[in-house]
**Q** 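My questions all concern the structure below.
What you are looking at is a predicted structure, and each value in this text was computed from that prediction instead of being measured.
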Amino acid sequence: MEPQPQTIATLDKLDATNWFERVGTKDLSDAIVLSSWEDAARSASAAEWENIGLEAFNNLREKILTIDKARFNRWNDIVASVKVFSNALVEDKFRESPALKDLPSIIIDCAKWDVLGLCMEAEHLDIVDPGFFHAISYYYVKGHFPCGIDGDPATGTMVVF
């Protein structure tokens, strides 16, 4: 099973950007910018942030179930198909820069989760609106690493490195 064209386009857009080129740079007015990978790893591994990502995945699945049960029943097959491409992209991005090779595994794991979530949203754009993972992909494109939310998930301020 090949990913949908919109998923390939999403991956191509991410691939064309320089991930993490702006980490630590306070150039975003809509986010709290952390000052180190250690702070980013601590924020990314917080239960609250992990739960937000899990809830986003679950919400996507629920919407798909409500709209198209046949698509919902193919969820695991779609994940398996898309994950090959999303993980390859993330691994390539981390391999591109020697400065990224010794980061805590939570950073790479979070990026893989985020890109997989983005791809799953892209796979279903014909039946659901872009969601959480599309929103946080903005920060990857801008050269940052999204790793938390300060305050309420719906209204809080993004935390990035």
Side-chain angles (χ1 to χ4, degrees), residues 1-23 31 37 40-149 153 158-161:
M1 172 185 288
E2 287 290 314
Q4 297 289 329
Q6 64 268 19
T7 305
I8 298 298
T10 298
L11 288 167
D12 286 346
K13 180 178 178 179
L14 280 177
D15 189 34
T17 63
N18 293 319
W19 289 20
F20 314 131
E21 72 177 348
R22 309 284 303 157
V23 293
W37 279 116
R42 197 170 17 265
S43 183
S45 62
E48 295 84 4
W49 182 241
E50 291 178 7
N51 288 339
I52 290 168
L54 286 171
E55 186 174 334
F57 249 99
N58 289 336
N59 287 341
L60 177 61
R61 286 178 48 110
E62 287 176 21
K63 288 176 187 174
I64 295 166
L65 176 61
T66 302
I67 296 166
D68 188 339
K69 189 172 181 178
R71 289 273 285 281
F72 175 82
N73 289 335
R74 292 193 314 267
W75 175 270
N76 289 338
D77 293 334
I78 296 168
V79 167
S81 168
V82 167
K83 194 173 191 177
V84 172
F85 295 91
S86 65
N87 280 354
L89 172 65
V90 172
E91 290 165 6
D92 286 349
K93 287 296 182 180
F94 280 90
R95 221 180 349 260
E96 285 176 4
S97 172
L100 301 177
K101 75 175 191 146
D102 293 324
L103 291 177
S105 62
I106 187 70
I107 302 293
I108 297 168
D109 292 344
C110 283
K112 285 181 177 180
W113 177 259
D114 293 346
V115 175
L116 177 61
L118 175 63
C119 288
M120 290 304 290
E121 286 181 356
E123 282 290 299
H124 298 91
L125 283 176
D126 59 320
I127 59 173
V128 297
D129 291 332
F132 172 78
F133 294 103
H134 271 80
I136 66 170
S137 71
Y138 165 83
Y139 297 98
Y140 284 99
V141 171
K142 291 295 184 186
H144 291 276
F145 175 69
C147 54
I149 295 180
M158 279 299 302
V159 175
V160 303
F161 176 49

**Q** Are there more than 12 heavy atoms of other residues, nucleotides or ligands under 6.0 Å from atom NZ of K83?
**A**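 No, because the 6.0 Å sphere around NZ of K83 holds 12 heavy atoms or fewer from other groups.
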
**Q** So how far is it from I8 CD1 to C119 SG, rounded to the nearest 0.5 Å?
**A**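 One gets 8.0 Å once the value is rounded to the nearest 0.5 Å.
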
**Q** Quick one: closest heavy-atom pair of M158 and W49, and the distance?
**A**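 Closest approach of M158 to W49: CE-CH2, 3.8 Å.
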
**Q** Can you measure from CH2 (W75) to CG (L65) and round to the nearest 0.5 angstrom?
**A** 11.0 Å

**Q** Counting N and O atoms only, with roles assigned by atom type, does the side chain of S43 sit under 3.5 Å from a partner on the main chain of C147, one being a donor and the other an acceptor?
**A** yes

**Q** Could you check if a side-chain atom of L116 sits within less than 4.5 angstrom of a side-chain atom of K112, using non-hydrogen atoms only?
**A**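 No. Closest side-chain heavy atoms not under 4.5 Å.
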
**Q** Rounded to the nearest 0.5 Å, what separation is found between the OG1 atom of T7 and the CG atom of L125?
**A** 7.0 Å

**Q** So, for F20 and F161, is the gap between ring centers shorter than 6.0 Å?
**A** no

**Q** If you take all heavy atoms of F133 and A56, which pair is closest and at what distance?
**A** CE1-CB, 3.6 Å

**Q** Flag the pair F57 / F132 as yes when at least one side-chain heavy-atom distance between them is below 4.5 Å, and no otherwise.
**A** no

**Q** Please assess T17 against Y140 for the test side-chain contact (heavy atoms from CB on, under 4.5 Å), listing each intermediate value before the final yes or no.
**A** CA-CA 8 Å; T17 63; Y140 284 99; 5.8 Å; no

**Q** Of the non-hydrogen atoms in R22 and K142, which two are nearest, and what is the gap between them?
**A**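 Smallest heavy-atom distance, with atoms named: CG-O, 3.2 Å.
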
**Q** In the structure I gave you, are the side-chain heavy atoms of V160 and Y138 within less than 4.5 Å of one another anywhere?
**A**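 Heavy-atom side-chain distance check fails, nothing below 4.5 Å.
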
**Q** Is it true that atom CD of E96 has more than 12 heavy atoms of other residues, nucleotides or ligands lying nearer than 6.0 Å?
**A**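 Atom CD in E96 is packed in, count exceeds 12.
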
**Q** For E123 and Q4, indicate whether the former's side chain and the latter's backbone hold a donor-acceptor pair under 3.5 Å.
**A** yes

**Q** Just wondering, do W113 and L54 contact through their side chains at under 4.5 Å, heavy atoms?
**A**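 When only atoms from C-beta onward are counted, W113 and L54 do touch, with a gap below 4.5 Å.
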
**Q** Measure the spacing between CZ of F72 and CD1 of I78 and express it to the nearest 0.5 Å.
**A** 11.0 Å

**Q** Tell me the closest heavy-atom pair linking S45 and I106, and the distance in Å.
**A**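 Distance-wise, the nearest heavy atoms are CB-CG1, 3.9 Å.
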
**Q** Looking only at heavy atoms, what is the nearest atom pair of I107 and L103, with distance?
**A** CG2-CD1, 4.0 Å

**Q** For the pair S81 (side chain) and M1 (backbone), establish whether a donor and an acceptor sit closer than 3.5 Å, ignoring hydrogens and angles.
**A** yes

**Q** Is there a side-chain contact between V115 and L11 (heavy atoms, below 4.5 Å)?
**A** yes

**Q** Evaluate the ring planes of F145 and W37, with Trp represented by its six-membered ring, and classify them as parallel (under 30°), tilted (30 to 60°) or perpendicular (over 60°).
**A** tilted

**Q** Between the side chains of R95 and D92, is the shortest nitrogen-to-carboxylate-oxygen separation below 4.0 Å, so that they form an ion pair?
**A**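 Answer for the salt bridge query: yes.
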
**Q** Looking at D129, I want to see if its CG is surrounded by more than 12 non-hydrogen atoms of other residues, nucleotides or ligands under 6.0 Å.
**A**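 Open.
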
**Q** From I52 CD1 over to I149 CD1, what is the distance, rounded to the nearest 0.5 angstrom?
**A** 4.0 Å

**Q** Checking the side chain of K93 only, and the main-chain atoms of D15 only, is there a donor and an acceptor separated by less than 3.5 Å?
**A** yes

**Q** Once side-chain contact (heavy atoms from CB on, under 4.5 Å) is applied, do any residues pair with I127, and if so which ones, sequence neighbours excluded?
**A**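 So I127 forms a side-chain contact (heavy atoms from CB on, under 4.5 Å) with I64, I67, D68, R71, H124.
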
